[in-house]
Protein chains: 2
Amino acid sequence: MKDLNKRSKIIAAATKVFAKKGFFTARISDIAKEAKVADGTIYLYFNNKYDILISVFEEEIGKIIEQIKKILATETDPKRMLEMYVTRHLQTMKKNRNLAEVIQIELRQTNKLIKEYRNTKFIEYTDMMADIVRLGQSQGVFRDDIEPDIAKRFFFGALDEVSRIWTTSAEGRYSVEEIAGQLLQIILTGISAPNGRLADPDGCSAT
Amino acid sequence: MKDLNKRSKIIAAATKVFAKKGFFTARISDIAKEAKVADGTIYLYFNNKYDILISVFEEEIGKIIEQIKKILATETDPKRMLEMYVTRHLQTMKKNRNLAEVIQIELRQTNKLIKEYRNTKFIEYTDMMADIVRLGQSQGVFRDDIEPDIAKRFFFGALDEVSRIWTTSAEGRYSVEEIAGQLLQIILTGISAPNGRLADPDGCSAT
DNA sequence: TGTAACTGAATGAATGACCATTCATCGTAT
DNA sequence: ATACGATGAATGGTCATTCATTCAGTTACA
């Protein structure tokens, strides 16, 4: 019985190994050992090493996206949506450090490695942020003079680099709430419309 | 005559090749060909492949740091300093795309590759931003409730990801001024002290 | 000045290590 | 007995690195 469970086990192992050693220095035999499986078994579930990496993206990041989408669907206030996005992202990265490492480091290389592969899942993820900004602008809550496509990069970059606090050992002391608070402080103050007619009543939704 | 110039030629070639193919898929023979030099010649100037990568960081990034340091030294107003840092960073990244690629992608892997190597030059670079924030806080220009060590990551991450606009083809249309303007808009509004000249527009003093 | 010996940079073919991938074989469930 | 997942040793290809050799310039001496 070709075990679907075994596939997940290999993906989990690969995530761990890629996180620790990086895609190129990771050996198939490392992944096999971590998954408690023979080297050859991996090729019953994946075509090659790249295929494993792509599967990590597709399946693991896919899960995160679905979760955030579900959460955002319960909310209509753009400021709140931003809060949720930021908080959830940080929570996930802190909790799942291995995945965080793989996203942060290997994701950026992927385009270079595998020309045919456009990481649509990932683009979808960052585009959600641009959409939130647009929504806020249409409601007059966010400044009009901000380009959503620049803002999404700005925010994602900030989130991504900040969450490296937890992967690069030293300053692990900060809590998700603390960091989310700081980011939202800056972001929300920075992009709120000067006299937003529909602005958050107390004008201060951070934290 | 052992040509110092040849060393630079190899570094320049390596920067280009690493940017295009990434450290691991780049072959020494690629670099040699790009530098118009024999494979073996490279080993007269560098110990090994890693050594080339580190040299790219040390020497090329080193130059950038020196330049920004020099520029910042002419200024005492923290807001202006932030403006200068941001603008200069973006200018450099747009101008020198290959180096930008190497920094953005390979830099993050370096720790994993070469355990002994701590990229002090780079830490120095991001710490400059933390120092600017601290300076601003001591002058009462920036909010006190912002952690400089979180802010530096926030800003660097944002800058880094935003400048990928120029390396990942698609949206190369944006100008440095345009993007710097957007970032500074958000950053300065976001971190200014409630009653500074660029005070929080809706008078919100959170926390 | 001509030439013979010397120096060390440059070359690139050859070496050897490493590792992704394959496949003949094994074990187990039905 | 048959089918099929699992195994892991063997294979083959890909480079990083080495090093015997070439080559250009410099010195020494007549």
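Below, chains carry the letters A, B, ... as their sequence lines are ordered, and counting in each starts from 1. Values in this document were obtained by computation on a predicted structure and should not be read as measured data.
Remark: B/V37, B/A38, B/G40, B/T41 in residues 32-43 of chain B come within less than 4.0 Å of DNA chain C through at least one heavy atom.
With sequence neighbours excluded, no residue satisfies side-chain hydrogen bond (donor to acceptor under 3.5 Å, both in side chains) with B/E83. Taking B/E60 as the reference, B/K63 meet the side-chain hydrogen bond (donor to acceptor under 3.5 Å, both in side chains) condition, with sequence neighbours excluded. Every residue two or more places apart in sequence or in another chain was checked for a side-chain hydrogen bond (donor to acceptor under 3.5 Å, both in side chains) with B/D39, and none qualifies.
In this structure, A/F23 places its CZ atom 10 Å from C1' of C/dA20, rounding to the nearest Å. One atom, OH of B/Y45, and another, C1' of C/dT11, lie 13 Å apart when rounded to the nearest Å. With rounding to whole Å, B/I10 atom CD1 is found 8 Å from C/dA10 atom P.
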Which pairs would a plain distance check flag for residues 28-37 of chain A, meaning a side-chain donor or acceptor within less than 3.5 Å of a matching protein atom at least two apart in sequence or in another chain?
| unit_1 | atom_1 | unit_2 | atom_2 | d |
| --- | --- | --- | --- | --- |
| A/D30 | OD2 | A/K21 | NZ | 3.1 |
| A/D30 | OD2 | A/R27 | N | 3.0 |
| A/E34 | OE2 | A/K16 | NZ | 3.2 |

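Proximity of B/K6 to the phosphate of C/dA10: a side-chain N or O atom is located under 4.0 Å from OP1 or OP2.
The two residues A/P148 and A/Q137 come nearest to each other via the heavy atoms CG-OE1, 3.7 Å. Annotation for B/L188 and B/F142: closest pair CD2-CE2, 4.4 Å, computed over non-hydrogen atoms.
Counting only heavy atoms from C-beta on, B/L44 has its side chain closest to C/dA9 among D/dG5, C/dC19, C/dA9.
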Restricting to nitrogen or oxygen on both sides, can you table the protein-nucleotides 20-25 of chain D pairs closer than 3.5 Å?
none

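Taking the six-membered ring where the residue is Trp, A/F156 and A/Y125 present perpendicular rings, their angle passing 60° and hence far from 30°.
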